[in-house]
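Values reported hereafter were calculated over all heavy atoms of this structure, with side chains retained and with hydrogens, waters and symmetry mates removed. Labels below follow one simple rule: chain letters A, B, ... track the order of the sequence lines, proteins then strands, and each chain is numbered from 1.
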2 protein chains.
Amino acid sequence: MPAEQDEATAPPGRRSPAATAAETRDALRTAILGGEYLPGERLVELQLTERFRASRFTVRAALQELASEGLIEMQRNRGAMVRKVSLAEAVEITEVRMVLEGLVAARAAERVTDEQAAALAEIGRQMRAAVAAEEFRHYSDLNQRLHALIRQIAGHGTADGIIETLRGQLVRHQFMLSMLPGRPQTSLPQHERVIAAVRDRDAPAAEAAMRDHIASVIEALRTLAPPPRAF
Amino acid sequence: MPAEQDEATAPPGRRSPAATAAETRDALRTAILGGEYLPGERLVELQLTERFRASRFTVRAALQELASEGLIEMQRNRGAMVRKVSLAEAVEITEVRMVLEGLVAARAAERVTDEQAAALAEIGRQMRAAVAAEEFRHYSDLNQRLHALIRQIAGHGTADGIIETLRGQLVRHQFMLSMLPGRPQTSLPQHERVIAAVRDRDAPAAEAAMRDHIASVIEALRTLAPPPRAF
DNA sequence: GTTACACAGATTGTCAACAATATTGAAGGC
DNA sequence: GCCTTCAATATTGTTGACAATCTGTGTAAC
């Protein structure tokens with residue numbers, strides 16, 4: 001539920017004295033997602049103050065927002081820490097994503113234009129090529145672009161916001177997933193079925209294909225060892 | 001995504017000087033959901049300060065949390081206002097609830113105990129009685145209890161939190177729905193199908209029944225006139 | 001009569017200092 | 001040696017004041 005502040009008002013070149021709340025929030029989120037702060041690590045306000053050149057007030061506002069995104073946890077009088085997402089929670093989150101992305105795929109199938117269908121097909125072609133060339137990093141990027149494009153076609157703001165929030169909570173787990181041997185070979189045909197169903201304007205098929213795809217992601221998640229310390 | 005502060009530390013009898021952030025947030029949410037602040041109405045920090053006997057800092061923290069719940073909207077330098085939920089958004093929100101409650105119903109069917117099944121059946125009996133006696137207010141309460149119990153049985157924290165958040169955004173629309181003539185007669189058999197499927201541990205049937213039920217809620221929503229000014 | 005401008009009031013954004021709380025380490029008793 | 005107690009430190013919670021921004025109104029020019 002991204003309650004967007006208008007970042008448009010943020011001066012572009014401003015540097016030393018202070019950073020605004022939205023800037024600080026985005027920078028901190030990027031740092032957490034980038035693995036600079038590990039799960040369980042405490043986020044001390046004073047340190048963040050120095051790092052982001054922001055006042056404690058601003059830092060605190062940013063922390064509160066990230067807490068509502070589920071990226072960090074705040075305890076009264078004990079401050080904030082990067083949230084640890086257990087495997088069980090990762091499965092739950094992915095289950096929710098499964099039904100939401102299914103909904104979104106169905107709606108995309110109902111609203112897709114010919115141009116959009118062509119763009120989807122193009123991503124599909126590139127995915128196939130990436131798998132053939134064993135460019136798994138590129139494949140992972142395409143995967144993200146495919147899901148993003150489907151969500152854009154669907155134009156379902158409510159589902160979109162929730163999916164995006166959940167995605168943030170899973171970056172570490174998803175990173176590990178894409179490293180699993182054999183995953184791309186498994187997911188490629190699933191992706192192609194989704195693309196085909198959307199292209200054919202077959203909403204139920206699109207939903208089913210997307211759910212199948214993410215269900216297999218859940219299975220893959222479950223094969224991971226329970227406590228994956230770090231990466 | 002309720003990032004719960006521990007309210008346990010809040011003194012029980014404390015009154016005049018100051019209220020804590022969690023208290024203020026809950027009180028303000030109750031006020032909004034209770035219709036004391038209408039959609040579009042501005043929430044001026046100073047007024048809230050007086051009403052809830054809290055500092056501006058506390059009020060602001062509460063506002064930020066409610067914004068992330070989607071109950072209010074905040075714009076930079078222009079403050080907070082109660083969010084207007086359009087009919088189209090209400091439909092979107094209910095679509096998301098449809099797939100999430102479907103997921104939850106399926107999981108409840110997998111995990112239900114005999115005692116829980118009996119409790120569900122009891123609610124079903126009371127619903128039937130309420131409809132027969134035309135006690136629609138009571139039926140509406142039972143409806144809420146039924147959905148809550150199913151979510152409790154499922155024990156799916158992620159889905160549960162999102163559903164609860166979305167429910168808050170719809171209180172006004174849902175209130176109007178329960179007033180629609182004929183709704184209880186339509187939804188009662190749907191509810192009974194959900195209960196039966198869960199009782200039979202038939203997860204796919206439970207999901208399908210729940211989705212059918214909420215799909216009919218969406219249809220009912222769409223029959224409402226687009227801009228229902230107030231009530 | 002209408003539009004543009006400027007000013008005043010109201011409201012929010014930010015800061016620095018102070019108070020309250022939790023954590024850590026050491027000293028003392030068992 | 002181990003546990004409890006207590007003080008010192010680190011960290012967060014809260015406040016009030018000041019700065020920046022927006023909104024509405026009245027005036028003057030056209």
Side-chain angles (χ1 to χ4, degrees), chain A residues 3-28 32 37 40-68 71-83, chain B residues 3-28 32 37 40-68 71-83:
Chain A
E4 271 313 316
Q5 324 269 76
D6 27 342
E7 344 263 292
T9 56
R14 150 199 238 166
R15 205 74 202 92
S16 38
T20 181
E23 287 168 354
T24 306
R25 158 172 55 83
D26 293 341
L28 180 54
I32 293 174
Y37 297 101
E41 187 168 348
R42 285 191 64 181
L43 298 168
V44 177
E45 295 180 2
L46 194 64
Q47 294 174 3
L48 302 176
T49 284
E50 295 169 6
R51 163 158 185 179
F52 297 109
R53 293 284 188 277
S55 73
R56 250 190 79 206
F57 179 93
T58 304
V59 166
R60 180 175 273 262
L63 287 175
Q64 220 162 22
E65 285 199 59
L66 294 183
S68 73
L71 235 56
I72 67 180
E73 285 178 350
M74 296 185 74
Q75 286 178 310
R76 188 179 169 85
N77 292 322
R78 270 198 282 179
M81 58 164 53
V82 180
R83 178 168 164 219
Chain B
E4 272 313 317
Q5 325 268 77
D6 27 346
E7 345 261 295
T9 57
R14 152 197 236 168
R15 206 72 202 94
S16 38
T20 181
E23 289 169 355
T24 305
R25 157 173 56 81
D26 294 340
L28 180 54
I32 294 174
Y37 296 100
E41 187 168 347
R42 285 191 64 182
L43 298 169
V44 178
E45 296 180 2
L46 194 63
Q47 295 174 2
L48 302 176
T49 284
E50 296 170 4
R51 164 158 185 181
F52 297 108
R53 295 284 188 277
S55 72
R56 249 190 80 206
F57 179 92
T58 304
V59 165
R60 181 175 274 262
L63 287 175
Q64 220 164 21
E65 285 200 59
L66 294 183
S68 73
L71 234 57
I72 67 180
E73 285 179 350
M74 296 185 73
Q75 288 178 309
R76 188 180 169 83
N77 293 322
R78 270 197 281 178
M81 59 164 54
V82 180
R83 180 171 161 217

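Not one side-chain nitrogen or oxygen of B:Arg78 sits closer than 4.0 Å to the OP1 or OP2 atom of C:dT11. Considering only side-chain N and O atoms, A:Thr58 lies under 4.0 angstrom from the phosphate OP1 or OP2 of C:dC15. Neither OP1 nor OP2 of D:dT14 sits under 4.0 Å from any side-chain N or O of B:Ser55. Regarding contacts with the backbone of C:dT12, every side-chain N or O of B:Arg76 stays at 4.0 angstrom or more from both OP1 and OP2.
The distance from atom CD of B:Glu45 to atom C1' of D:dT15 is 14 Å, rounded to the nearest whole Å. When the P atom of C:dT12 is taken as reference, atom CD of B:Glu73 falls 15 Å away, rounded to whole Å. For the pair A:Gln75 CD and C:dA22 P, the interatomic distance rounds to 11 Å; values are reported in whole Å. A straight line from CG of B:Leu46 to P of D:dA17 spans 13 Å, rounded to a whole angstrom. As a whole-Å value, the separation of B:Arg60 CZ from D:dA17 P is 17 Å. Rounded to whole Å, atom P of C:dA22 lies 15 Å from atom CE of A:Met74. B:Phe57 has its CZ atom 13 Å from the P atom of D:dG16, to the nearest Å. Per the geometry, CZ belonging to A:Phe52 stands 15 Å off P belonging to C:dC15, to the nearest Å.
Taking all atoms of both residues into account, the shortest heavy-atom contact from B:Gly40 to B:Met81 is O-CE, 3.8 Å.
In this structure a side-chain-to-backbone donor-acceptor pair under 3.5 Å is present from A:Thr49 to A:Glu45. A donor-acceptor pair under 3.5 Å is formed between the side chain of A:Arg42 and the backbone N or O of A:Arg78.
Nearest-nucleotide positions on DNA chain C for A:Asn77 and B:Val44 put B:Val44 closer to the 5' end.
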Practice problem: Apply side-chain contact (heavy atoms from CB on, under 4.5 Å) to the pair A:Tyr37 and A:Leu28, showing each step before the final yes or no. | Solution: CA-CA 9 Å; A:Tyr37 297 101; A:Leu28 180 54; 4.1 Å; yes
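Counting any heavy atom pair closer than 4.0 Å across all strands shown, A:Leu43 reaches sugar-phosphate atoms only and no base atom.
Atom OG1 of B:Thr24 sits about 7.5 Å away from atom CZ of B:Phe52, to the nearest 0.5 Å.
Side chain of A:Arg56, nearest nucleotide from C:dG13, D:dT15, D:dG13: D:dG13.
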